[in-house]
2 protein chains.
Amino acid sequence: MHLMSRWDPEVSRSVEDYLKAIYTLQESGGAVRTSTLAERMGVAAPSATSMVARLAAGGFLRHTPYRGVELTEKGSRIALEIIRHHRLWEAFLHHALDVPIDQLNEEAERLEHVLSDELEAHMVRVLGDPTHDPHGDPIPSADGTVDSAVYPNVTDLPDGASATVRRVPSEDPALLRYLKTLGLLPGASIVLRRREPFHGPLTLTADGVERVIGRELAGQILVEPGSPPELPRAHPAKQRRRRG
Amino acid sequence: MHLMSRWDPEVSRSVEDYLKAIYTLQESGGAVRTSTLAERMGVAAPSATSMVARLAAGGFLRHTPYRGVELTEKGSRIALEIIRHHRLWEAFLHHALDVPIDQLNEEAERLEHVLSDELEAHMVRVLGDPTHDPHGDPIPSADGTVDSAVYPNVTDLPDGASATVRRVPSEDPALLRYLKTLGLLPGASIVLRRREPFHGPLTLTADGVERVIGRELAGQILVEPGSPPELPRAHPAKQRRRRG
DNA sequence: TTGGTAATTTAGTTGAGACTAAACATAGCG
DNA sequence: CGCTATGTTTAGTCTCAACTAAATTACCAA
Ligand SMILES: [Mn+2]
Ligand SMILES: [Mn+2]
Ligand SMILES: [Mn+2]
Ligand SMILES: [Mn+2]
């Protein structure tokens, strides 16, 4: 095999970050405009235009001038590889170094560009082929498929419903620290007690502890509805569960 | 505090690698010449000259034209920080991922440029403040001091002497794989049995197994003489090596 | 003392990736 | 239907880090 090596030397750190940004912007709404891309990358618009031209020349995307940009198969493949690297690093740093969940994104943002196939294989072995990172984001498989499961958020739950937290926003450290103090990280069992009218706050229990949170925050916490397996009297201790 | 941040944005990956190279070349013989540096970095001589000019302008080294180069305090500090990063990554990858000893150097060569203070602190905690990496290379301390202990090599031992392997060359994967099959990695207990005349091979036991190795290889294996402590009362207590 | 050789530096070029200023397209509105 | 605001691209510049070719220096041997 190996006719088309992934290691075009043209794929620099910068190119990787652009492709990843385009991929995620594409996921949350159609054609990606220059201004959106420039803002996300923290560069001026002409810088984005010029990078787009290079990426188009390299076959990573198609560019319709003044309209927007769309990744090719080749571009998506690389974007997914970087996202896989990012989330594997997050999972590994959390597992092996106990790096707090709010610092994972920043570290992985640099490390994602530095993960050899060999190191990746070691991580996968040690982590037991993980499917999700500590934020609950799905880890793309090595062949480029992603779990596209869509979860409801806390505001979607009916009053009194039980659920398990499955995914939280990953890029806001302050928010993540707050969620940690509330015990509202992936794996937590919650019960939605009530919601105040007029868009008011929600009351819920997280692993048995009662908490009050705002609507907007609740809308960002994705959950899997259903009671946790009420097996024998288990302590709802702080054990971390892994799922398959 | 924080008047002089380490994060001059002028310290790029490339600058870090040059400073590290100059530091290690400086250790193994006086003034560093342009050609030596260029060869080590795998670049043409004019590229080295031009980088040297920039490093001199940044206060990282002093350059005597046509003569050579010498790191300043500022330059040495950064070189030692990168070397610390390199060896910490090696120790960590070996510990947490069981990365084979012959692959550590290549991985650390990239990762050394991507180690935040926070991540470094986590590693130090998990590894228990390690003083040496898996090759036996000393890890510079955070404040820039290095254990400069000098060990004899296997050829320096008298016949019949016992010793413990302390340090092996770290940059040659094939050599490291060979040493691993021989059981001649740091920590191994050896006894030098005999040496053949006319610069012939040496016979020794490594953790009890008899091996024959060439003179040249033996000269690259650094050891600490003395019987291992497992033998009762073989020798009076040996004192720790002091540093300079 | 001088001339040849090897090492080093200078000069000039390239490409990546950023920037600002200016030109240009698109779409919304009168 | 055309004007204008907004967004996008073009044009030109900058720095970093590499290159080749040419000039310069150091050193050594005759
Ligand atoms: Mn990144
Ligand atoms: Mn994540
Ligand atoms: Mn390096
Ligand atoms: Mn080492």
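Labels below follow one simple rule: chain letters A, B, ... track the order of the sequence lines, proteins then strands, and each chain is numbered from 1.
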Quick check on dA27(C): is either OP1 or OP2 less than 4.0 Å from any side-chain nitrogen or oxygen of Arg67(A)? yes

I need the CG-P distance between Leu37(B) and dA7(C), as an integer number of Å. 15 Å

Could I get the full list of side-chain contact (heavy atoms from CB on, under 4.5 Å) partners for Ala96(B), not counting sequence neighbours? Phe92(A), Ala96(A), Phe92(B)

Just jot down the side-chain contact (heavy atoms from CB on, under 4.5 Å) partners of Pro138(B), sequence neighbours excluded, or say none. Arg87(B), His132(B), Val146(B), Asp147(B), Arg167(B)

For Ser35(A), answer base if it contacts any base atom (sugar-phosphate contacts may also be present), sugar-phosphate if it contacts only those atoms, and nothing otherwise; contact means non-hydrogen atoms under 4.0 Å. sugar-phosphate

Donor-acceptor contacts, no H, no angles, side chain residues 100-110 of chain B, under 3.5 Å, sequence neighbours left out:
residue	atom	partner	partner atom	Å
Asp102(B)	OD2	Arg177(B)	NH1	3.0
Asn105(B)	OD1	His86(B)	NE2	3.0
Glu107(B)	OE1	Ser116(A)	OG	3.2
Glu107(B)	OE1	Arg110(B)	NH2	3.1
Glu107(B)	OE2	Ser116(A)	OG	2.5
Glu109(B)	OE1	Lys20(B)	NZ	3.1
Glu109(B)	OE2	Lys20(B)	NZ	3.1

Give the table of side-chain donor-acceptor pairs shorter than 3.5 Å for residues 124-131 of chain B, with sequence neighbours excluded, one pair per line with atom names and distance.
residue	atom	partner	partner atom	Å
Arg125(B)	NH2	Leu97(A)	O	2.8
Arg125(B)	NH2	His122(B)	ND1	2.7

Salt bridge flag under 4.0 Å for residues Arg84(A) and Glu112(A): no

Rounded to whole Å, CG of Leu55(A) lies from P of dA18(C) at a distance of 11 Å

Atom OH of Tyr66(B) and atom C1' of dT9(C): how far apart are they, to the nearest Å? 4 Å

Residue pairs passing the side chain to side chain donor-acceptor pair (under 3.5 Å) test with at least one member in residues 23-35 of chain A, sequence neighbours excluded, are Thr24(A)-Arg40(A)

Would you say dT8(D) has OP1 or OP2 under 4.0 Å from some side-chain N or O of Arg33(A)? yes

Given dT8(C), is OP1 or OP2 found less than 4.0 Å from the side-chain N or O atoms of His63(B)? no

Pairs under 3.5 Å (N/O, protein and nucleotides 16-19 of chain D):
residue	atom	partner	partner atom	Å
dA17(D)	OP1	Ser12(B)	OG	2.3
dA17(D)	OP2	Arg54(B)	NH1	2.0
dA17(D)	OP2	Arg54(B)	NH2	3.4
dA18(D)	OP2	Tyr18(B)	OH	3.1
dC19(D)	OP2	Ala44(B)	N	2.8
dC19(D)	OP2	Ser47(B)	OG	2.4

